[in-house]
Amino acid sequence: MKIAIGCDPNAKQAKEDMIKFINSKGYGEVTDFGSDDVIYANVAIKVAEAVASGEYDRGILLCGTGIGVSIAAAKVKGAYPALLSDIYSAKRARLSNNANIACMGAFTIGSKLREELADAFLTNEFVEGCSSQPKVDAYVNYDMSR
């Protein structure tokens, strides 16, 4: 799995910790899209474009709350970010919603929870043909028609 990761300066340490965690678990190849730009939308859009293009399988974005990067990433056609704060939602983001970018807060959740959220997000797959398929198809079709 190829994973794109980025953050704003507020979340730099959280991003570094996340890269170490992903590498320790062997989830795949991680590419760091940076953390120095105070305009978090810039890195969020770069990660979202990389994932939406298919160059990367998943993305992880962090900022103080995760809200800003999730809003920015959602502007990219084909990018489906999910703001994660609990394990159940992290699993469902993949299993039911086919989200391709996990967004998390560096100031709002602790490092252990961020690891658990990443684990749930990176180890679950969308279930093709599941009862959520028509719902996912509806927003993907809308997105692709814009």
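These values consider heavy atoms only, across backbone and side chains, with no hydrogens, waters or symmetry-generated copies.
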Under the rule for salt bridge (Lys or Arg N to Asp or Glu O under 4.0 Å), what residues qualify as partners of [X], not counting sequence neighbours?
{"X": "Asp32", "answer": "Lys15"}
{"X": "Lys12", "answer": "Asp36"}
{"X": "Asp57", "answer": "none"}

Distance-only donor-acceptor hits, side chain of residues 63-75, under 3.5 Å, sequence neighbours excluded:
residue : atom : partner : partner atom : Å
Thr65   : OG1  : Ile67   : N            : 3.1
Ser70   : OG   : Gly66   : O            : 3.2
Ser70   : OG   : Ile67   : O            : 2.7

Exercise. Could I get the full list of side-chain hydrogen bond (donor to acceptor under 3.5 Å, both in side chains) partners for Gln13, not counting sequence neighbours?
Key: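 If we apply the side-chain hydrogen bond (donor to acceptor under 3.5 Å, both in side chains) test to Gln13, skipping adjacent residues, the hits are Asp17.
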Quiz item: With sequence neighbours excluded, what pairs up with Gln133 under the side-chain hydrogen bond (donor to acceptor under 3.5 Å, both in side chains) test?
Solution: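 Only Asp137 meet the side-chain hydrogen bond (donor to acceptor under 3.5 Å, both in side chains) criterion with Gln133.
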Practice problem: Report whether Ile3 and Ile101 are members of the same hydrophobic cluster (ILVMFWY, side-chain heavy atoms less than 4.5 Å apart, transitive linking). | Solution: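 No.
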Practice problem: Verify the cluster assignment for Tyr40 and Ile19: are they in a single hydrophobic cluster under the rule of side-chain heavy atoms below 4.5 Å apart? | Solution: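 No, it is not one cluster - the side chains of Tyr40 and Ile19 are not joined through contacts under 4.5 Å.
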Quiz prompt | Backbone of Arg92 reached by a side-chain donor or acceptor of Asn97 within 3.5 Å | solution =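 Looks like yes, one N/O pair under 3.5 Å.
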Quiz item: Do side-chain atoms of Asp8 reach the backbone of Ala11 as a donor and acceptor pair under 3.5 angstrom?
Solution: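 Yes; at least one donor-acceptor contact below 3.5 Å.
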State, with a plain yes or no, whether a side-chain heavy atom of [X] is found less than 4.5 Å away from one of [Y].
{"X": "Asn100", "Y": "Val51", "result": "yes"}
{"X": "Met104", "Y": "Leu117", "result": "yes"}
{"X": "Met1", "Y": "Glu29", "result": "no"}

Using distance only, find each side-chain donor-acceptor pair of residues 78-87 under 3.5 Å and give its atom names and separation, not counting sequence neighbours.
residue : atom : partner : partner atom : Å
Tyr80   : OH   : Asp143  : OD2          : 2.6
Asp86   : OD1  : Ser89   : OG           : 2.9
Asp86   : OD2  : Tyr88   : N            : 3.3
Asp86   : OD2  : Ser89   : N            : 2.8
Asp86   : OD2  : Ser89   : OG           : 3.1

Quiz prompt | NZ on Lys46 to CG on Leu61, rounded to 0.5 Å | solution =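 These two atoms lie 12.5 Å from each other.
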Self-check item: Interatomic distance, Phe21 atom CZ to Ser111 atom OG [nearest 0.5 angstrom]
Solution: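 Phe21 atom CZ to Ser111 atom OG measures 10.5 Å (nearest 0.5 Å).
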Quiz prompt | Partners passing ring pair (Phe, Tyr, Trp, His ring centres under 6.0 Å) against Phe121 (at least two apart in sequence or in another chain) | solution =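 For Phe121, no residue satisfies ring pair (Phe, Tyr, Trp, His ring centres under 6.0 Å) once neighbours in sequence are set aside.
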Exercise. Sequence neighbours left out, what passes ring pair (Phe, Tyr, Trp, His ring centres under 6.0 Å) with Phe33? Give chain and number order.
Key: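 With neighbours one apart ignored, the set is Tyr56.
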Practice problem: Give the intermediate values and the outcome of side-chain contact (heavy atoms from CB on, under 4.5 Å) for residues Asn10 and Leu62. | Solution: CA-CA 9 Å; Asn10 291 323; Leu62 300 111; over 6 Å; no
Quiz item: Any side-chain hydrogen bond (donor to acceptor under 3.5 Å, both in side chains) pairs touching residues 114-129, not counting sequence neighbours?
Solution: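 Counting only pairs at least two positions apart or across chains, the side-chain hydrogen bond (donor to acceptor under 3.5 Å, both in side chains) contacts touching residues 114-129 are Tyr27-Asp119, Arg58-Glu125, Arg94-Glu125.
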Quiz item: Taking everything shown except Lys77 itself, do over 12 heavy atoms lie less than 6.0 Å from its NZ?
Solution: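 It does: Lys77 NZ has more than 12 such atoms within range.
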Practice problem: List the steps, then state whether side-chain contact (heavy atoms from CB on, under 4.5 Å) holds for Met18 with Ile60. | Solution: CA-CA 9 Å; Met18 183 62 63; Ile60 296 177; 4.3 Å; yes
Quiz item: What residues join Leu95 in its hydrophobic cluster, counting side-chain heavy atom gaps under 4.5 Å, either direct or through other members?
Solution: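 Leu95 shares its hydrophobic cluster with Val127.
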Quiz item: Hey, what else clusters with Val76 if you join Ile, Leu, Val, Met, Phe, Trp, Tyr whenever side-chain heavy atoms sit under 4.5 Å?
Solution: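 Other cluster members: Ile45.
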